[in-house]
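First the structure, in the form of structure tokens, and then the observations on it.
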Amino acid sequence: MQTLLILGATGRTGRSLLERRLGQGGRVRAIVRRREGLPESTRNHPRLELVEASVLELSDRELTRYVQDCDGVVSCLGHTLDCRGLFGAPRRLCADATSRVCRAIEENRPARPVRFVLMNSVGVQNPDLEEKRSPFDRGILAFLRRALPPHKDNELAAGRLHRDIGRQSPYIEWCVVRPDTLTDEGLSACRLTASPTTSLLRGRPTARANVARFMIDLVDDDRLWDTWKFRMPVIMDAIDSDA
Ligand SMILES: NC(=O)c1ccc[n+]([C@@H]2O[C@H](COP(=O)([O-])OP(=O)(O)OC[C@H]3O[C@@H](n4cnc5c(N)ncnc54)[C@H](OP(=O)(O)O)[C@@H]3O)[C@@H](O)[C@H]2O)c1
């Protein structure tokens, strides 16, 4: 198990991911703005290398060094849900972090492709598939695109992998994970689909713990990776009627 680079490790999904990875015996490098945001039990963990900085403020040279020897990158970045986080700078947090980290990986020319897993949103379309949305959902998404910068950022971030990196890079393979409505429930069975299956109005609960587990499994499990690489799986908690 090589080192996993985590972006957003102080977030609610990121913390779960970090604890899980360290619990599995893996090595983690995490770029965080404040170490106090990490779970206390992890802050001085011997297998955690902490970089205290905002990912967008690191120089290209620093980023290139921090992605070196990482076989996977997981980004759980998201805008803080207050006025400044939603409408202030940086408006392209997820998209710019994705682009910069990808450039840093390419600069290193790794011998094997690095697996890049991006936490995104069920509200983002997969351009490869004809994902049908109701007129109502299309209206909501058009509104969000104009009114809510984080939604646009999620669309751009997915595009940076889907369009800019594509499927031909010898250095990067990717998966865009699209959770439905996030909750802080514990681990449970989850359901994965290639495209959204319900209206945005009837969002399905999705435990952050399940999202974290799936994103780590993607990096570790070759069969799972082969199933979902270059795709944009939607993840939600399983319910009885899924059986
Ligand atoms: N809410 C939902 O129902 C829902 C549904 C589907 C998808 N999503 C997506 O899920 C992701 C968020 O998941 P979450 O709830 O786990 O996020 P979260 O708890 O809000 O964590 C966000 C992470 O991003 C970091 N961050 C925020 N602003 C930053 C900045 N300017 N520079 C560097 N780092 C910054 C935070 O660091 P600090 O601790 O330093 O602030 C934190 O580590 C988002 O991409 C969101 O669009 C949400």
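Just the heavy atoms: all of them, side chains too, but no hydrogens, waters or symmetry mates, feed the values below. Both ligands and their constituent atoms are indexed starting at 1 by order of listing.
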**Complete:** If you compare Gly78, Ala9, Cys76 by their heavy atoms, the one closest to atom 26 (N) of ligand 1 turns out to be Gly78
**Message:** Taking 4.0 angstrom as the limit and counting only heavy atoms of Thr13, give me the atoms of ligand 1 inside it, by number and element.
**Reply:** 13 (O), 14 (P), 16 (O)
**Prompt:** Is Pro90 near ligand 1, meaning one of its heavy atoms is under 4.0 Å from it?
**Reply:** yes
**Request:** Just jot down the ligand 1 atoms closer than 4.0 angstrom to any heavy atom of Gly8, in number order.
**Result:** 43 (O)
**Request:** Return the residue, atom name and 0.1 Å-rounded distance of the protein heavy atom closest to atom 19 (O) of ligand 1.
**Result:** Arg12 N, 2.8 Å
**Message:** Looking at every non-hydrogen atom in both residues, tell me the closest pair between Arg178 and Val124 and how far apart they are.
**Reply:** NH1-O, 2.6 Å
**Prompt:** Looking only at heavy atoms of Asn154, does any of them come nearer than 4.0 Å to an atom of ligand 1?
**Reply:** yes
**Request:** Determine, for Asp128 against Arg167, whether the closest basic-nitrogen to carboxylate-oxygen distance falls under 4.0 angstrom.
**Result:** yes
**Message:** Judged on heavy-atom distance to atom 36 (C) of ligand 1, which of Thr181, Thr10, Thr206 sits nearest?
**Reply:** Thr10
**Asked** Quick one: which of Arg33, Arg91, Arg15 has a heavy atom closest to atom 35 (C) of ligand 1?
**Response** Arg33
**Request:** Indicate whether the side chain of Thr206 and that of Asp237 have a donor and an acceptor atom separated by less than 3.5 Å.
**Result:** no
**Item:** Atoms of ligand 1, numbered as shown, that sit under 4.0 Å from any heavy atom of Ser121
**Value:** 7 (C)
**Prompt:** Can Asn154 and Ser121 be said to form a side-chain hydrogen bond (donor to acceptor under 3.5 Å, both in side chains), step by step?
**Reply:** CA-CA 7 Å; Asn154 271 334; Ser121 165; 4.7 Å; no
**Nearest-neighbour protein heavy atom for atom 10 (O) of ligand 1, which is reported as residue plus atom name and distance** = Met119 CE, 3.3 Å
**Message:** Strictly below 4.0 Å, N to O, side chains only: are Arg112 and Asp71 in salt-bridge contact?
**Reply:** no
**Asked** If hydrogens are left out, which of Gly14, Ser54, Ser75 has an atom nearest to atom 32 (N) of ligand 1, that is, the closest non-hydrogen atom?
**Response** Ser54
**Message:** For ligand 1 and Pro179, I'd like to know whether there is a polar contact (N/O to N/O, distance under 3.5 Å).
**Reply:** no
**Asked** Under 3.5 Å, is there a donor-acceptor pair linking the side chains of Ser188 and Asn210?
**Response** yes
**Request:** In plain terms, say whether Glu52 and Arg34 are close enough for a salt bridge, that is, a side-chain N and a carboxylate O under 4.0 Å apart.
**Result:** no
**Asked** Between the side chains of Arg160 and Ser99, does any donor sit under 3.5 Å from an acceptor?
**Response** yes
**Complete:** Note: Ala97, heavy atoms under 4.0 Å from ligand 1, region reported as neither
**Asked** Are Gly37 and ligand 1 in contact, using a heavy-atom cut-off of under 4.0 Å?
**Response** no
**Message:** I'd like the name of whichever of Leu38, Asn120, Val124, Leu77 reaches closest to atom 44 (C) of ligand 1 through any heavy atom.
**Reply:** Leu77
**Message:** How close do Val55 and Leu77 get, counting heavy atoms only, and between which atoms?
**Reply:** CG1-CD1, 4.1 Å
**Asked** Any side-chain donor paired with an acceptor under 3.5 Å for Ser195 and Glu131?
**Response** yes
**Asked** Is it true that Lys132 and Glu130 make a salt bridge, defined as a side-chain N closer than 4.0 Å to a carboxylate O?
**Response** yes
**Request:** Go through ligand 1 atom by atom and flag the ones less than 4.0 Å from a non-hydrogen atom of Asp180.
**Result:** 5 (C), 6 (C)
**Item:** Contact partition for Arg34 relative to ligand 1, non-hydrogen atoms under 4.0 Å
**Value:** side chain
**Prompt:** Tell me: protein heavy atom nearest atom 48 (C) of ligand 1, and distance?
**Reply:** Leu182 CD1, 3.2 Å
**Request:** Salt-bridge test for Arg21 and Asp220: reply yes if a basic N is under 4.0 Å from a carboxylate O, no otherwise.
**Result:** yes
**Nitrogen or oxygen atoms of Gly11 and ligand 1 under 3.5 Å apart** = yes
